[in-house]
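The block underneath contains the structure these notes are about, expressed in structure tokens.
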Amino acid sequence: MWQGLALCALLTLAGQAISRLPGIADAGVSPLVFALLLGIVVGNLPLKRTVEGAQPGLAFATRWLLRGGIVLFGLSLTFAQVVGLGPKVLLLDALIITAVLLVGYQIGTRVLGMDRETTLLTSAGSAICGAAAVLATESTIRSKPAAASMAVATVVLFGSLAMLTYPLLYPWLGMDEGLFGVYIGATVHEVAQVVAAGDAVGPDALANAVIVKLVRVMLLVPFLLVVGQWWLRQPTQEGAEASGQGAHKAKLVIPWFALGFIAMVGVNSVVTLPAPLHSGLVLAGQIALTMAMAALGINTRMSRLKALGVKPFLLALILFVLLVVGGGVASALLMG
């Protein structure tokens with residue numbers, strides 16, 4: 001197992017180093033992205049024996065490190081933040097997430113003819129919290145690495161576009177700074193991208209954007225609980241229809257790491273951990289997620305990415321427009 005974990009650790013360090021380079025650091029690109037890209041490069045090199053020997057460690061990273069990272073991610077917010085802006089924020093986030101997921105899944109599977117895994121992962125990344133949502137959903141439905149990698153790529157592209165576009169929209173939309181921050185938090189993909197866009201608008205926008213985004217992150221948990229039950233009940237799920245066990249298996253699908261995430265939010269809400277311990281646990285969670293992303297990249301083959309084509313990016317573009325336009329209207333009506 002140590003070979004795979006060592007390889008993931010090396011790519012994690014490289015991803016961290018690249019993300020801190022001048023110019024790149026200002027863009028707010030997560031180390032997870034670079035770890036994924038480096039993993040894809042390594043996984044597609046003619047190193048078959050090395051990659052095969054690393055598989056036990058890679059499997060551990062994509063399963064246990066991923067779930068542990070999601071659990072520790074809960075230390076990034078508290079329940080007080082969730083209720084700080086009132087119940088309308090929860091309603092706004094729930095409405096936007098539900099709309100993006102439903103529209104994305106219907107368009108992806110019925111209009112674009114995409115497979116269910118890639119469609120669900122791409123929609124979840126756009127709707128909830130970017131790469132973290134893709135990874136958590138991938139862990140719940142056990143999708144192909146190529147599908148998860150493609151979904152993360154769409155998050156990077158359109159999340160970065162949102163990060164640059166929203167500050168330009170601010171003078172034209174007639175929203176006050178605080179309301180525009182709510183709009184940012186409810187519709188931009190990644191937490192880091194929300195911080196960058198909010199900071200470019202102003203301090204009030206930044207404060208509201210972060211809180212609304214963290215409420216959105218919290219909604220990842222009920223989504224995972226629902227999708228875990230729904231996914232295995234689908235008649236096209238491999239083996240479920242033939243064995244007649246789909247519904248029975250679905251009852252057993254409980255994403256315990258999601259409940260662990262909620263538990264960590266609770267701990268962070270009622271217990272004041274020493275600052276070094278808190279920052280250390282948060283850092284450990286980030287490292288675990290980055291190592292999981294590296295392992296995902298190593299197991300991704302370019303031939304499978306090519307087979308997915310441009311349809312995931314077209315779906316992500318449609319969802320980006322829905323977030324910008326529909327999210328803006330919803331934010332103005334509910335919070336204005």
Side-chain angles (χ1 to χ4, degrees), residues 1-16 19 30-36 38-39 54-79 121 124-125 128-143 145 148-149 151-152 155 190-192 214 217-225 227-228 252-271 273-300:
M1 184 180 292
W2 68 269
Q3 291 176 313
L5 292 177
L7 182 57
C8 291
L10 181 62
L11 296 180
T12 294
L13 290 173
Q16 290 279 357
S19 69
S30 170
L32 276 72
V33 174
F34 296 111
L36 172 68
L38 292 172
Q55 281 303 318
L58 298 179
F60 181 87
T62 55
R63 184 171 175 82
W64 299 110
L65 290 185
L66 169 56
R67 297 180 177 192
I70 295 293
V71 169
L72 292 176
F73 192 40
L75 291 173
S76 300
L77 67 157
T78 66
F79 290 123
L121 293 176
I128 307 173
C129 54
V134 173
L135 288 174
T137 307
E138 187 274 339
S139 183
T140 300
I141 69 173
R142 307 287 183 86
S143 68
S149 297
V152 171
V155 167
E190 292 270 5
V191 174
L214 292 179
V217 172
M218 281 280 293
L219 293 177
L220 174 64
V221 175
F223 164 72
L224 293 176
L225 293 173
V227 81
L252 301 177
V253 176
I254 300 175
W256 296 107
F257 63 93
L259 302 182
F261 172 89
I262 288 290
M264 287 299 100
V265 175
V267 169
N268 200 39
S269 300
V270 300
V271 178
L273 297 175
L277 176 60
H278 183 270
S279 59
L281 289 173
V282 171
L283 177 61
Q286 294 171 344
I287 292 173
L289 287 176
T290 309
M291 289 180 66
M293 190 71 88
L296 186 68
I298 294 170
N299 284 327
T300 299

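We count residues from 1, following the sequence as given.
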#### Entry: L58 CG to L7 CG distance, which is reported to the nearest 0.5 Å
6.5 Å

### Query
Hey, are the side chains of L72 and L289 touching, using non-hydrogen atoms and a 4.5 Å cut-off?
no

### Message
Quick check: do M291 and L11 have side-chain heavy atoms less than 4.5 Å from each other?
### Response
no

### I128 side chain reached by T137 side chain, heavy atoms, under 4.5 Å
no

### Query
Taking side chain as C-beta onward, heavy atoms only, is L281 less than 4.5 Å from L273?
yes

### Query
Does S269 reach the main-chain N or O of F79 with its side chain, forming a donor-acceptor pair under 3.5 Å?
yes

### Query
Do any N or O atoms from the side chain of T290 and from the backbone of Q286 form a donor-acceptor pair under 3.5 angstrom?
yes

### Query
Taking C-beta and beyond as the side chain, do L259 and L225 meet within less than 4.5 Å on heavy atoms?
yes

### Summary
CZ (R142) and OG1 (T140) are apart, to the nearest 0.5 Å, by 9.0 Å

### Flag side-chain contact, heavy atom, 4.5 Å: M264 against V267
yes

### Task
Verify, without hydrogens or angle tests, whether S139 (side chain) and A136 (backbone) share a donor-acceptor contact under 3.5 angstrom.
no

#### Entry: F261 vs M218 side-chain heavy atoms within contact, under 4.5 Å
yes

### Query
Do F73 and V217 have side chains that get closer than 4.5 Å, going by heavy atoms?
yes

### Message
Under a 3.5 Å distance rule, please check whether H278 uses its side chain to pair with a backbone N or O of N268 as donor and acceptor.
### Response
no

### Task
Any chance you could measure C129, atom SG, to L135, atom CG, to the nearest 0.5 Å?
9.5 Å

#### Entry: Short side-chain to backbone donor-acceptor contact, E190 and A131, under 3.5 Å
yes

